[in-house]
Amino acid sequence: MTALILNSGLGSRMGVLTSEHPKCMTEISPRETILSRQLRMLEAAGIRRVVITTGYYSQVLEDYVQSLELPLEVTFVRNERYAETNYIWSIYCARALLEDDLVLMHGDLVFENETLDRVLACEGSCMTVSTTLPLPEKDFKAVVDGGVVQKVGIEFFDQAVAAQALYRLKKADWKLWLDRIIAFCESGNDRVYAENALNTLDGAANIAALDVENLLCAEIDNPEDLAAVRARLKEIEHRTVYMCFSTDIIHGGHLALIRKAQKLGRLIIGVLSDEAVASYKRFPLVPAEERKVMFENIAGVWRVVEQKTLSYRENLTRLRPDYVVHGDDWCAGFQKPIRDEVLAVLAETGGRLIEYPYAADPKYRDIQARERADLAMPELRRGRLRRLLAVKGLVTAMEAHDGLTGLVVENTVVHQDGGAHQFDAMWVSSLCDSTAKGKPDIELVDMTSRFRTIDDIMEVTTKPIIFDGDTGGLTEHFVYTVRSLERMGVSMVIIEDKTGLKKNSLFGTEVVQTQDSIENFSAKIRAGKNAQRTKDFMICARIESLILERGMEDALARAFAFTEAGADAIMIHSRKKDPAEIQEFLERFREKDPATPIVLVPTSFNSVKEEEWKARGANIIIYANQLIRAAVPAIQKAARTILENHRAEECDSQLMPFQEIIRLIPS
Ligand code: SPV
Ligand code: MG
C-alpha cells in the first residue's frame, strides 16, 4: 500500500505560522509537527512507500523529511504550479506513482491512532466521516447513501455528514477516480478539488463512509484549529492503557500486542503476582520482581505495576485507565468471569475494553511447550517448593504413585469464582507406592523401586515432589538417599521418627512400632543436612508422638529439637478424627517458632478446610492417599460386574469411553 500526502498548498489562513515553511511543518506538540506525526503513524502501521506532493517551500519540506530519518521510502513530487492550481493537479503530477492501493490524506490532517487503524482495517475503500460532529460551514461534507459516499464538497448540506480527506482506496476504486482526475486536468479543469472529479462518478467508486464519531480526525486551517488540535492531543497523550501479563517469556506475539496498546495511550503493564500465576497455570519460571524489570525495559512502556490477583478490580479502580487491552481469547472459558468483571469496573470508571484477535501461532505454542519442559528439569523443579511456600504461605500436595496419577495431579484444575484451583505439588507416598505394587507399607519396597516411581512421575509432570522417606533407614544409607533425591530434582523428603520395622501410622498403637530417640533422629537429620549439596532441598522431620500416644509435650519437645538439628520443616501427624490435637500443636509450636513450615496430612482429621489450616499456621497440606482409595473401589466394581454378567457390556457405563482412554495421554 502507498500513502499519498498532499502538501503543495500555501496554507495562507495560518498567518505567520506558514511564513517560513509549509503548513505541514507546524508544531502540534513539543515533539511533533503535523507531518512528522503522520509519517510516524504510517510507519508504525507498516506502510513503507510514501508519496508527498510539494510546492510551497518544497526544498524546506524535503530537507525536513530527510532529517526525520524514518525507515520510509519517500518520493517527493513537486507541483511547480502550486500557486495557481489545486491539489487535483498535484495528484495528476504524481499519477505514475499511484498504481497501488492507497491511503490518501491531506497534509494538514491530524488524527489519532485508532482513526488510522480503523481506516486501514476497512475491507474496501472508505472515507472518514463523523455523524456526531456538527456539520461544518466551510469544510468538507459527504453525502452518503446506503453507507456509500456519493458526493464530497463544501457545498453539500442535505443528507450530508462532516467528512475529512482521509481515504483508504482499493486499487480498482482508485483507478476510477484517478481516471476522472486525469480527464479533469487534461481539459484544464485544475483549480478544483480532486473530489469534484470523484463526484462525477455518483458513488460508483464505492467508497464507504467510515464513521469515526468523536475520534480525532481534524484538519488545521487556522490558528484556532491549531489550538484545538493541540488541546486534543494533550488529552490523548494523557490517556492510559492497562494490560496484564502473566508470562515469563516475552515473544513476538506479546510485543505486537504491546505495540498496538501503546498506540492508544500511555501503557501501564500489570505483572501478575507469582501467587496468582501459580494459582491458574504453572509456577512462573521468572519471579514477579524480575518479570517487572523485563517489562520496564520494553521501549514505550510507561509504568509497570503488580497485579496481585487474577481479578483486575483493584488495579482498575486505583489506576482508572482509559483502555484495557486484552486478546479476545478470554471471551469464553474460565477467564470469562474475569472479563465480565473488567467490563463492570470499566462501566463504573468510564473506560473501554479493546480486544484484539488472539494469535494462536504454533511458533508461540512451541515456546510455551519449551517453558513447560524447562520446569520439569531437576534444577528448576527442586527449588520450586521453597518458592511456593514463600509466595503462597500454604501449599497443597496430592499423592501420585505412577505416571498416570502424576498427570492427574499435574493437570486437574477446578475453575471457581473466576479463579482456578489446582494442586501445587505431589506426594510420593510410601503407602500408595507400596499398595500399587500389592505390598505392605513396611519399607519393603526398596529405594531403587521407589526412585523408579519418582522417575515415572517426573517424566510426565512438572510440579514439585515431596517424597515419603519412611524412617530414612540407617543414617549411613539416608545420606545417599538425600543426595539421590536432590539430584533427581525432588524438593523435600519427609522422614518419620520411628525405628525398626515401620508400620503405617494409621495403625497407631494397634501394631508394635518403636519411636526413635530424639538424639538418634536428630543425628540422622543433621547427617542428611550435611550431605545435601544445594540450598533448595528440604528435609522434613515427621513426629509420631501423637500417633503413638506419647503426648503433646513429647511432640513439641521433639519438634523443637528436630528444628534445632536442622530440619527445614516439621510434620505432625494424628490419626484422630477430631483435629483438636493438631490445632493445639500448631498453636503451641507457633508461639515459639513462627517460621518453620508445618506439614499436615489430614487423612483422619479431614473436616477442616485449607483456608483455616493456613490461618492456624500450617504450610503444607498433603492429601496422602485419596487417589488410590478412589481407584480401588472403582476397579473392584468393574471386575465384579464382569464376573456377574459373564461379559463386559453391563460394566461399560462405569468406564471411561475407550476413545477417551486412548487419547488421554498425548503422544
Ligand atoms: C503415606 O502416605 O505413606 C504416609 C502418610 O506416610 S500416612 O499413611 O498417613 O502415614
Ligand atoms: Mg508413608
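Indexing begins at 1, ligand by ligand and atom by atom, following the structure's order.
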I'd like a table of the close N/O pairs between ligand 1 and the protein (anything under 3.5 Å), one pair per line with both atom names and the distance.
from     : atom 1 : to     : atom 2 : distance (Å)
ligand 1 : 2 (O)  : Trp427 : NE1    : 3.2
ligand 1 : 2 (O)  : Ser429 : OG     : 2.8
ligand 1 : 3 (O)  : Ser429 : OG     : 3.1
ligand 1 : 3 (O)  : Ser430 : N      : 3.2
ligand 1 : 3 (O)  : Ser430 : OG     : 3.1
ligand 1 : 3 (O)  : Leu431 : N      : 2.8
ligand 1 : 3 (O)  : Asp468 : OD2    : 2.8
ligand 1 : 6 (O)  : Asp468 : OD2    : 2.9
ligand 1 : 6 (O)  : Arg542 : NH1    : 2.7
ligand 1 : 8 (O)  : Asn504 : ND2    : 3.0
ligand 1 : 9 (O)  : His573 : NE2    : 2.7
ligand 1 : 10 (O) : Arg542 : NH2    : 2.8

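A salt bridge links Asp568 and Lys529; the closest N-O separation between the charged side-chain nitrogens and carboxylate oxygens is under 4.0 Å. For the pair Glu584 and Arg588, the salt-bridge criterion is met [side-chain N within less than 4.0 Å of a carboxylate O].
For the pair Lys577 and Phe605, the cation-pi test (distance below 6.0 Å, angle within 45°) is failed.
Side chain of Gln626 to backbone of Ala624: a donor-acceptor contact under 3.5 angstrom is found.
Closest of all the heavy-atom pairs between Arg575 and Ile547 is N-CD1, 3.7 Å. Between Met492 and Ile494 the shortest heavy-atom distance is SD-CG1, 4.0 Å.
For the Mg ion (ligand 2), the nearby protein N/O/S atoms, meaning those under 2.8 Å, are Ser430 OG, Asp468 OD2.
The line from CG of Asp456 to NE2 of His401 is 11.5 Å long, rounded to the nearest 0.5 Å.
You'll find the side chain of Ile466 stays beyond 4.5 Å of the side chain of Val428, heavy atoms only.
None of Lys392, Lys463, Arg386 except one satisfies the salt bridge (Lys or Arg N to Asp or Glu O under 4.0 Å) rule with Asp424; the exception is Lys392.
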